[in-house]
Amino acid sequence: MSNPVQRVFPLGFPWETQDPFLFCVYHLDHYPKGNNAMEPAVSLEGRNLGNDFIIKDGWRMYHGQTIPGFPYHPHRGFETVTIVNKGFCDHSDSLGAAGRFGQGDVQWMTAGRGVQHSEMFPLLNTDKDNPLELFQIWINLPKADKFVDPHFKMLWHEDIPIVKDNNTTIKVIAGSYNNTHAPDSTPNSWAANPDNEVAIWNIHMDENETFHLPPASAELNRTLYYYEGSEVKIGEMVVKPDHGVQLSSDEEVVLINGDQKSHFLLLQGKPINEPVAKYGPFVMNTQQEIQKAMEEYRLTQFGGWPWPHADNVHPREKGRFAKYPDGKVVVKD
(Lines give C-alpha, C1' and ligand atoms only; values in the text may rest on other atoms or scores of the structure.)
Protein backbone atom coordinates (compact mmCIF):
# COMPACT_ATOMS: atom_id res chain seq x y z
CA MET A 1 0.00 0.00 0.00
CA SER A 2 1.38 3.42 -0.95
CA ASN A 3 2.00 6.16 1.61
CA PRO A 4 -0.88 8.68 1.44
CA VAL A 5 1.21 11.41 3.14
CA GLN A 6 2.73 13.71 0.54
CA ARG A 7 4.11 16.37 2.85
CA VAL A 8 4.07 17.47 6.50
CA PHE A 9 4.59 21.13 7.37
CA PRO A 10 4.40 23.30 10.52
CA LEU A 11 1.33 25.47 11.06
CA GLY A 12 2.05 29.18 11.23
CA PHE A 13 -0.29 32.16 11.42
CA PRO A 14 -2.03 31.92 8.98
CA TRP A 15 -1.98 28.28 7.87
CA GLU A 16 -0.60 27.32 4.47
CA THR A 17 -3.29 26.28 1.98
CA GLN A 18 -3.66 24.75 -1.49
CA ASP A 19 -5.83 25.82 -4.46
CA PRO A 20 -8.84 26.43 -4.36
CA PHE A 21 -8.18 27.68 -0.82
CA LEU A 22 -6.24 30.91 -0.45
CA PHE A 23 -5.91 31.33 3.30
CA CYS A 24 -6.84 29.67 6.59
CA VAL A 25 -6.32 31.18 10.00
CA TYR A 26 -7.03 29.65 13.40
CA HIS A 27 -7.84 32.01 16.24
CA LEU A 28 -7.70 30.63 19.78
CA ASP A 29 -7.97 33.43 22.32
CA HIS A 30 -8.68 33.02 26.02
CA TYR A 31 -10.42 36.34 26.53
CA PRO A 32 -11.14 37.48 30.10
CA LYS A 33 -14.45 38.64 31.52
CA GLY A 34 -16.10 41.49 29.64
CA ASN A 35 -17.40 44.79 30.95
CA ASN A 36 -20.78 46.38 30.23
CA ALA A 37 -19.49 47.64 26.86
CA MET A 38 -18.45 44.06 25.88
CA GLU A 39 -14.77 45.07 26.12
CA PRO A 40 -12.08 43.19 28.09
CA ALA A 41 -12.60 44.06 31.77
CA VAL A 42 -8.83 44.38 32.22
CA SER A 43 -6.20 46.94 31.29
CA LEU A 44 -5.11 47.12 27.64
CA GLU A 45 -1.83 48.76 28.63
CA GLY A 46 1.22 47.39 26.85
CA ARG A 47 -0.69 46.30 23.77
CA ASN A 48 -0.08 47.63 20.28
CA LEU A 49 -3.72 48.65 19.86
CA GLY A 50 -4.85 48.65 16.26
CA ASN A 51 -2.35 45.93 15.36
CA ASP A 52 -2.18 43.55 18.33
CA PHE A 53 -1.30 40.10 16.97
CA ILE A 54 1.11 39.00 19.72
CA ILE A 55 -0.47 36.74 22.33
CA LYS A 56 -0.35 38.44 25.74
CA ASP A 57 -2.11 36.83 28.72
CA GLY A 58 -3.57 34.29 26.28
CA TRP A 59 -5.30 36.68 23.87
CA ARG A 60 -4.99 39.38 21.21
CA MET A 61 -6.98 42.50 20.27
CA TYR A 62 -6.12 42.17 16.53
CA HIS A 63 -7.17 45.44 14.84
CA GLY A 64 -9.69 46.32 17.58
CA GLN A 65 -9.09 49.37 19.78
CA THR A 66 -11.61 48.62 22.57
CA ILE A 67 -13.32 45.35 21.49
CA PRO A 68 -11.18 42.64 19.88
CA GLY A 69 -11.65 41.90 16.22
CA PHE A 70 -11.42 43.36 12.75
CA PRO A 71 -13.15 46.72 12.05
CA TYR A 72 -14.46 47.40 8.58
CA HIS A 73 -12.28 46.33 5.65
CA PRO A 74 -12.95 45.47 1.99
CA HIS A 75 -12.84 42.21 0.03
CA ARG A 76 -13.10 41.42 -3.67
CA GLY A 77 -12.72 38.30 -5.79
CA PHE A 78 -13.13 35.43 -3.30
CA GLU A 79 -15.19 34.05 -0.40
CA THR A 80 -14.81 33.87 3.36
CA VAL A 81 -16.03 30.95 5.46
CA THR A 82 -15.96 31.75 9.17
CA ILE A 83 -16.44 28.91 11.67
CA VAL A 84 -16.94 29.99 15.29
CA ASN A 85 -16.73 27.00 17.61
CA LYS A 86 -16.45 29.01 20.85
CA GLY A 87 -17.39 32.60 21.60
CA PHE A 88 -19.19 34.96 19.24
CA CYS A 89 -18.55 37.05 16.15
CA ASP A 90 -20.54 40.19 15.30
CA HIS A 91 -20.80 40.77 11.54
CA SER A 92 -21.79 44.03 9.83
CA ASP A 93 -21.36 44.82 6.14
CA SER A 94 -21.82 47.39 3.38
CA LEU A 95 -24.90 45.56 2.07
CA GLY A 96 -26.68 46.39 5.32
CA ALA A 97 -26.46 42.76 6.44
CA ALA A 98 -25.56 41.93 10.03
CA GLY A 99 -25.44 39.05 12.45
CA ARG A 100 -24.15 37.52 15.63
CA PHE A 101 -23.03 33.93 15.39
CA GLY A 102 -21.12 31.43 17.52
CA GLN A 103 -21.35 28.12 19.37
CA GLY A 104 -20.54 26.21 16.17
CA ASP A 105 -22.26 28.47 13.63
CA VAL A 106 -20.68 29.21 10.24
CA GLN A 107 -20.95 32.31 8.07
CA TRP A 108 -20.35 31.96 4.32
CA MET A 109 -19.80 35.22 2.46
CA THR A 110 -19.14 35.69 -1.25
CA ALA A 111 -17.30 39.00 -1.67
CA GLY A 112 -17.57 38.87 -5.46
CA ARG A 113 -17.29 42.31 -7.03
CA GLY A 114 -16.75 43.94 -3.67
CA VAL A 115 -18.01 44.28 -0.11
CA GLN A 116 -16.91 45.84 3.17
CA HIS A 117 -17.47 44.05 6.42
CA SER A 118 -16.42 44.06 10.05
CA GLU A 119 -15.88 41.07 12.31
CA MET A 120 -15.78 41.90 16.00
CA PHE A 121 -15.59 39.59 19.01
CA PRO A 122 -17.88 40.97 21.75
CA LEU A 123 -17.10 39.68 25.24
CA LEU A 124 -20.65 38.92 26.38
CA ASN A 125 -19.82 37.19 29.67
CA THR A 126 -19.28 39.58 32.56
CA ASP A 127 -19.05 36.86 35.23
CA LYS A 128 -16.69 34.41 33.51
CA ASP A 129 -14.05 34.24 30.77
CA ASN A 130 -14.92 34.55 27.07
CA PRO A 131 -12.89 31.95 25.12
CA LEU A 132 -12.90 32.28 21.33
CA GLU A 133 -12.12 29.50 18.84
CA LEU A 134 -12.55 30.54 15.22
CA PHE A 135 -11.39 29.46 11.77
CA GLN A 136 -11.52 31.76 8.79
CA ILE A 137 -11.04 30.16 5.39
CA TRP A 138 -10.73 32.03 2.10
CA ILE A 139 -11.90 30.15 -1.01
CA ASN A 140 -10.97 31.56 -4.39
CA LEU A 141 -13.49 32.39 -7.09
CA PRO A 142 -12.65 31.59 -10.72
CA LYS A 143 -12.23 34.47 -13.15
CA ALA A 144 -15.77 33.99 -14.45
CA ASP A 145 -17.21 34.61 -10.97
CA LYS A 146 -14.91 37.34 -9.59
CA PHE A 147 -17.58 40.01 -10.18
CA VAL A 148 -20.73 38.20 -9.04
CA ASP A 149 -22.98 40.05 -6.62
CA PRO A 150 -21.90 39.77 -2.98
CA HIS A 151 -23.85 37.16 -1.00
CA PHE A 152 -24.17 36.53 2.73
CA LYS A 153 -25.40 33.24 4.18
CA MET A 154 -25.58 31.72 7.65
CA LEU A 155 -25.11 28.02 8.32
CA TRP A 156 -26.50 27.71 11.83
CA HIS A 157 -24.99 24.93 13.91
CA GLU A 158 -28.43 23.34 14.34
CA ASP A 159 -28.44 22.73 10.56
CA ILE A 160 -24.87 21.46 10.09
CA PRO A 161 -24.70 17.65 10.22
CA ILE A 162 -22.34 15.96 12.66
CA VAL A 163 -21.67 12.32 11.78
CA LYS A 164 -20.54 9.91 14.48
CA ASP A 165 -18.18 7.14 13.36
CA ASN A 166 -17.45 5.05 16.47
CA ASN A 167 -15.85 7.64 18.76
CA THR A 168 -14.95 10.09 16.01
CA THR A 169 -17.23 12.97 15.01
CA ILE A 170 -17.15 14.66 11.59
CA LYS A 171 -18.84 18.05 11.30
CA VAL A 172 -19.70 18.40 7.61
CA ILE A 173 -19.53 22.14 6.84
CA ALA A 174 -19.02 21.67 3.11
CA GLY A 175 -19.17 18.61 0.90
CA SER A 176 -20.46 15.23 1.96
CA TYR A 177 -19.28 12.40 4.18
CA ASN A 178 -20.68 8.92 3.54
CA ASN A 179 -23.84 10.36 1.92
CA THR A 180 -24.36 12.95 4.65
CA HIS A 181 -24.46 16.31 2.90
CA ALA A 182 -23.53 19.72 4.24
CA PRO A 183 -25.96 22.63 3.90
CA ASP A 184 -25.75 24.40 0.55
CA SER A 185 -22.99 26.95 0.16
CA THR A 186 -23.56 30.36 -1.39
CA PRO A 187 -24.85 29.99 -4.99
CA ASN A 188 -21.74 31.24 -6.84
CA SER A 189 -19.22 29.39 -4.70
CA TRP A 190 -16.68 26.98 -6.17
CA ALA A 191 -18.16 24.63 -3.56
CA ALA A 192 -21.65 24.91 -5.07
CA ASN A 193 -20.68 22.57 -7.93
CA PRO A 194 -20.42 19.02 -6.53
CA ASP A 195 -17.95 18.12 -9.31
CA ASN A 196 -15.39 20.29 -7.49
CA GLU A 197 -15.62 18.01 -4.41
CA VAL A 198 -14.98 20.84 -1.97
CA ALA A 199 -14.96 19.55 1.60
CA ILE A 200 -14.62 21.42 4.89
CA TRP A 201 -14.81 19.01 7.81
CA ASN A 202 -14.04 19.53 11.49
CA ILE A 203 -12.99 16.13 12.85
CA HIS A 204 -12.76 15.25 16.57
CA MET A 205 -11.26 11.89 17.57
CA ASP A 206 -11.32 10.33 21.02
CA GLU A 207 -8.08 9.00 22.43
CA ASN A 208 -6.77 5.72 20.98
CA GLU A 209 -9.42 5.77 18.24
CA THR A 210 -8.96 4.73 14.60
CA PHE A 211 -10.62 6.69 11.78
CA HIS A 212 -10.72 5.91 8.06
CA LEU A 213 -10.74 9.03 5.90
CA PRO A 214 -12.57 7.96 2.73
CA PRO A 215 -11.02 8.40 -0.72
CA ALA A 216 -12.20 11.02 -3.21
CA SER A 217 -11.17 11.81 -6.80
CA ALA A 218 -7.52 11.84 -7.80
CA GLU A 219 -7.14 15.42 -9.00
CA LEU A 220 -8.06 17.11 -5.70
CA ASN A 221 -5.91 19.00 -3.22
CA ARG A 222 -6.48 17.60 0.27
CA THR A 223 -4.92 18.94 3.46
CA LEU A 224 -5.51 17.79 7.04
CA TYR A 225 -4.67 20.36 9.73
CA TYR A 226 -3.87 18.90 13.16
CA TYR A 227 -4.40 21.62 15.75
CA GLU A 228 -5.10 19.89 19.06
CA GLY A 229 -4.01 16.59 20.64
CA SER A 230 -0.82 14.67 21.51
CA GLU A 231 0.04 12.70 18.36
CA VAL A 232 -1.61 10.79 15.54
CA LYS A 233 -0.33 8.10 13.20
CA ILE A 234 -1.23 8.80 9.57
CA GLY A 235 -0.19 6.01 7.25
CA GLU A 236 3.30 5.16 8.48
CA MET A 237 4.05 8.62 9.87
CA VAL A 238 3.58 9.91 13.42
CA VAL A 239 2.45 13.55 13.35
CA LYS A 240 2.43 16.00 16.25
CA PRO A 241 -0.10 18.84 16.70
CA ASP A 242 0.40 22.19 14.98
CA HIS A 243 1.22 20.49 11.68
CA GLY A 244 -0.53 20.26 8.35
CA VAL A 245 -0.49 17.09 6.25
CA GLN A 246 -0.95 17.11 2.49
CA LEU A 247 -2.62 13.84 1.52
CA SER A 248 -3.29 11.86 -1.63
CA SER A 249 -6.96 12.51 -2.32
CA ASP A 250 -7.80 9.18 -3.98
CA GLU A 251 -6.62 6.87 -1.19
CA GLU A 252 -8.28 5.86 2.04
CA VAL A 253 -6.22 7.32 4.88
CA VAL A 254 -6.09 5.57 8.25
CA LEU A 255 -5.66 7.81 11.31
CA ILE A 256 -4.69 6.13 14.59
CA ASN A 257 -4.95 8.57 17.46
CA GLY A 258 -2.66 8.80 20.48
CA ASP A 259 -3.60 9.05 24.15
CA GLN A 260 -5.39 12.42 23.99
CA LYS A 261 -8.41 13.67 22.05
CA SER A 262 -7.36 15.08 18.68
CA HIS A 263 -8.96 17.82 16.60
CA PHE A 264 -8.47 18.32 12.86
CA LEU A 265 -9.70 20.56 10.06
CA LEU A 266 -9.87 19.00 6.58
CA LEU A 267 -9.81 21.22 3.49
CA GLN A 268 -10.26 19.55 0.12
CA GLY A 269 -11.19 20.63 -3.37
CA LYS A 270 -10.52 20.56 -7.07
CA PRO A 271 -8.00 23.28 -7.92
CA ILE A 272 -9.20 26.25 -9.97
CA ASN A 273 -5.81 26.36 -11.75
CA GLU A 274 -5.87 30.05 -12.67
CA PRO A 275 -3.28 32.76 -12.00
CA VAL A 276 -3.68 34.34 -8.55
CA ALA A 277 -2.82 37.98 -7.87
CA LYS A 278 -3.25 38.98 -4.22
CA TYR A 279 -2.91 42.24 -2.38
CA GLY A 280 -4.31 42.29 1.14
CA PRO A 281 -8.09 41.91 0.87
CA PHE A 282 -8.21 41.69 -2.96
CA VAL A 283 -7.70 38.47 -4.94
CA MET A 284 -7.78 38.70 -8.73
CA ASN A 285 -6.00 37.11 -11.70
CA THR A 286 -3.62 39.95 -12.68
CA GLN A 287 -1.81 42.85 -11.02
CA GLN A 288 -3.73 45.23 -13.29
CA GLU A 289 -6.99 43.91 -11.83
CA ILE A 290 -5.60 44.47 -8.34
CA GLN A 291 -4.78 48.09 -9.19
CA LYS A 292 -8.28 48.55 -10.59
CA ALA A 293 -9.83 47.05 -7.44
CA MET A 294 -7.87 49.44 -5.24
CA GLU A 295 -8.91 52.41 -7.40
CA GLU A 296 -12.58 51.38 -7.37
CA TYR A 297 -12.51 50.95 -3.61
CA ARG A 298 -11.04 54.43 -3.16
CA LEU A 299 -13.78 55.89 -5.36
CA THR A 300 -16.83 53.89 -4.23
CA GLN A 301 -15.95 52.33 -0.86
CA PHE A 302 -17.86 49.33 -2.29
CA GLY A 303 -21.13 50.99 -1.35
CA GLY A 304 -20.02 52.80 1.78
CA TRP A 305 -20.49 51.96 5.44
CA PRO A 306 -24.08 52.18 6.78
CA TRP A 307 -23.18 51.48 10.43
CA PRO A 308 -22.38 54.00 13.19
CA HIS A 309 -18.92 52.62 13.97
CA ALA A 310 -16.07 51.01 12.04
CA ASP A 311 -15.92 48.37 14.78
CA ASN A 312 -19.69 47.92 14.94
CA VAL A 313 -21.09 45.53 17.55
CA HIS A 314 -24.70 44.66 18.23
CA PRO A 315 -26.54 45.12 21.55
CA ARG A 316 -25.61 42.55 24.17
CA GLU A 317 -29.19 41.25 24.42
CA LYS A 318 -29.46 40.43 20.70
CA GLY A 319 -28.44 36.78 20.93
CA ARG A 320 -27.68 34.86 17.74
CA PHE A 321 -29.33 36.42 14.71
CA ALA A 322 -28.88 37.33 11.06
CA LYS A 323 -30.21 40.33 9.17
CA TYR A 324 -30.01 39.86 5.40
CA PRO A 325 -29.59 42.59 2.76
CA ASP A 326 -33.28 42.28 1.79
CA GLY A 327 -34.29 43.12 5.37
CA LYS A 328 -35.20 39.56 6.39
CA VAL A 329 -34.24 38.83 10.01
CA VAL A 330 -33.65 35.37 11.50
CA VAL A 331 -33.43 35.08 15.30
CA LYS A 332 -31.97 31.88 16.78
CA ASP A 333 -31.91 32.54 20.55
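The figures here come from the full heavy-atom set of this structure, side chains too, leaving out hydrogens, waters and symmetry mates.
Separation of the F53 and H63 ring centroids falls under the 6.0 Å cut-off. Ring centers of Y297 and H75: at least 6.0 Å apart, outside the cut-off. For F135 and Y227, the distance between ring centers is under 6.0 angstrom. Side-chain rings of F152 and H117 stay apart, their centers remaining 6.0 Å or farther from each other.
Listed for the S185 side chain is no donor-acceptor partner under 3.5 Å among the backbone atoms of S189. Although no hydrogens or angles enter the test, the distance criterion places a donor-acceptor pair under 3.5 Å between the side chain of Y225 and the main chain of E16. In this structure, the side chain of N3 engages the main chain of V5 through a donor-acceptor pair within 3.5 Å. Judged by distance alone, with hydrogens and angles left aside, the side-chain atoms of N193 form a donor-acceptor pair with the main-chain N or O of D195 at under 3.5 Å. Proximity of a side-chain donor or acceptor of N140 to a complementary backbone N or O of P20 within less than 3.5 Å is not detected. Judged by distance alone, with hydrogens and angles left aside, the side-chain atoms of N48 form a donor-acceptor pair with the main-chain N or O of N51 at under 3.5 Å. Of the possible polar contacts, one joining the D90 side chain to the H314 backbone as a donor-acceptor pair under 3.5 Å is found. A donor-acceptor pair is defined here as one N or O able to donate and one able to accept, closer than 3.5 Å; no such pair exists between the side chain of Q116 and the backbone of F302. Judged by distance alone, with hydrogens and angles left aside, the side-chain atoms of N221 form no donor-acceptor pair with the main-chain N or O of Q268 at under 3.5 Å. Checking side-chain atoms of S92 against main-chain N and O of A98 turns up no donor-acceptor pair under 3.5 Å.
Atom NZ of K86 has 12 or fewer heavy atoms from other residues, nucleotides or ligands within 6.0 Å. At most 12 heavy atoms of other shown residues, nucleotides or ligands fall within 6.0 angstrom of atom NZ in K128. Within a 6.0 Å radius of NZ in K56, other residues, nucleotides and ligands contribute more than 12 heavy atoms. For D127, the CG atom sits in a packed shell: over 12 heavy atoms of surrounding residues, nucleotides or ligands are nearer than 6.0 Å. Atom CD1 of I54 is surrounded by 12 or fewer heavy atoms from other residues, nucleotides or ligands within 6.0 Å. The 12-atom threshold is exceeded at CG of D326, counting heavy atoms of other residues, nucleotides or ligands nearer than 6.0 Å. Within a 6.0 Å sphere centred on OH of Y279, other residues, nucleotides and ligands contribute 12 heavy atoms or fewer.
Nearest heavy-atom pair across Y62 and G69 is CB-O, 3.5 Å. Heavy atoms only, all atoms of each residue included: S249 and A218 are closest at OG-O, 3.2 Å. Between N85 and K171, the shortest heavy-atom distance links the atoms OD1-NZ, 4.0 Å. Looking at every heavy atom in both residues, L123 comes nearest to N130 through C-OD1, 3.5 Å. When all heavy atoms are compared, the tightest approach of P4 to E251 is CA-OE2, 4.0 Å. Across every non-hydrogen atom of G304 and S94, the tightest pair is O-CB, 3.0 Å.
A chain of hydrophobic side-chain contacts below 4.5 Å, direct or via other Ile, Leu, Val, Met, Phe, Trp or Tyr residues, connects F70 to Y31. Residues L124 and I67 are members of one and the same hydrophobic cluster, defined by side-chain heavy-atom contacts under 4.5 angstrom among Ile, Leu, Val, Met, Phe, Trp and Tyr. Under the 4.5 Å side-chain heavy-atom criterion for Ile, Leu, Val, Met, Phe, Trp and Tyr, L22 and F13 are members of the same hydrophobic cluster. Note on V81 and W190: same hydrophobic cluster, where clusters join Ile, Leu, Val, Met, Phe, Trp and Tyr whose side-chain heavy atoms are under 4.5 Å apart, directly or indirectly. Residues L141 and F21 are members of separate hydrophobic clusters, defined by side-chain heavy-atom contacts under 4.5 angstrom among Ile, Leu, Val, Met, Phe, Trp and Tyr.
From L134, atom CG reaches atom OH of Y26 across 10.0 Å, with rounding to the nearest 0.5 Å. Rounded to the nearest 0.5 angstrom, D250 CG and L220 CG are separated by 8.5 Å. To the nearest 0.5 angstrom, D333 atom CG is 8.5 Å from W156 atom CH2. Expressed to the nearest 0.5 Å, how far CD1 of I162 lies from CH2 of W201 amounts to 14.5 Å. Rounded to the nearest 0.5 angstrom, D311 CG and M120 CE are separated by 4.5 Å. Expressed to the nearest 0.5 Å, how far CD of Q107 lies from CZ of F101 amounts to 4.0 Å.
Residues H151 and N188 fail the side-chain proximity criterion, which asks for heavy atoms closer than 4.5 Å. K261 is not listed as a side-chain neighbour of H204, based on a closest heavy-atom distance of 4.5 Å or more. Looking only at side-chain heavy atoms (C-beta outward), F88 and Q103 come within less than 4.5 Å of each other. Side-chain contact between I200 and I137: present, with at least one pair of heavy atoms (C-beta onward) separated by less than 4.5 Å. Inter-residue side-chain proximity for C24 and L265 is flagged as met; some heavy-atom pair is nearer than 4.5 Å. For the pair Q6/S248, a side-chain contact is recorded, criterion being any heavy-atom separation below 4.5 Å from C-beta on. Side-chain contact between D57 and R47 is present, with at least one heavy-atom pair separated by less than 4.5 Å. Using a 4.5 Å heavy-atom cutoff, the side chains of I170 and N178 are not in contact.
If you run salt bridge (charged side-chain N to carboxylate O under 4.0 Å, His left out) between E289 and each of K146, K143, R113, only K143 comes through.
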Stepwise side chain to side chain contact (heavy atoms under 4.5 Å, CB included) check, L266 with L213:
CA-CA 10 Å; L266 178 92; L213 188 64; 4.1 Å; yes

H91 vs M154, test: side chain to side chain contact (heavy atoms under 4.5 Å, CB included). Steps then yes/no.
CA-CA 11 Å; H91 167 92; M154 287 304 311; over 6 Å; no

Stepwise side chain to side chain contact (heavy atoms under 4.5 Å, CB included) test for K323 and K318:
CA-CA 12 Å; K323 178 190 175 192; K318 283 292 267 188; over 6 Å; no

Side chain to side chain donor-acceptor pair (under 3.5 Å) evaluation trace for T223 with Q18
CA-CA 8 Å; T223 308; Q18 299 185 88; 2.8 Å; yes

Before giving the answer on side chain to side chain contact (heavy atoms under 4.5 Å, CB included), spell out for V84 and L132 the whole-Å C-alpha distance, their side-chain angles and the decisive distance to 0.1 Å.
CA-CA 8 Å; V84 183; L132 177 82; 4.3 Å; yes

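Electrostatic pairing of D52 and R60 does not count as a salt bridge here, judged by no charged N lying under 4.0 Å from a carboxylate O.
A side-chain donor-acceptor contact under 3.5 Å links E197 and S217. Defined by atom type and a distance below 3.5 Å, a donor-acceptor pair is present between the side-chain atoms of H73 and E119. If you check the side chains of S262 and N257, you find a donor sitting under 3.5 Å from an acceptor. N312 and S118 form no side-chain donor-acceptor contact under 3.5 Å, judged by distance and modelled atom types alone.
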Side chains of residues 236-245: which donor-acceptor partners sit under 3.5 Å, not counting sequence neighbours?
{"unit_1": "K240", "atom_1": "NZ", "unit_2": "E231", "atom_2": "OE1", "d": "2.8"}
{"unit_1": "H243", "atom_1": "ND1", "unit_2": "K240", "atom_2": "O", "d": "3.2"}
{"unit_1": "H243", "atom_1": "ND1", "unit_2": "P241", "atom_2": "O", "d": "3.0"}

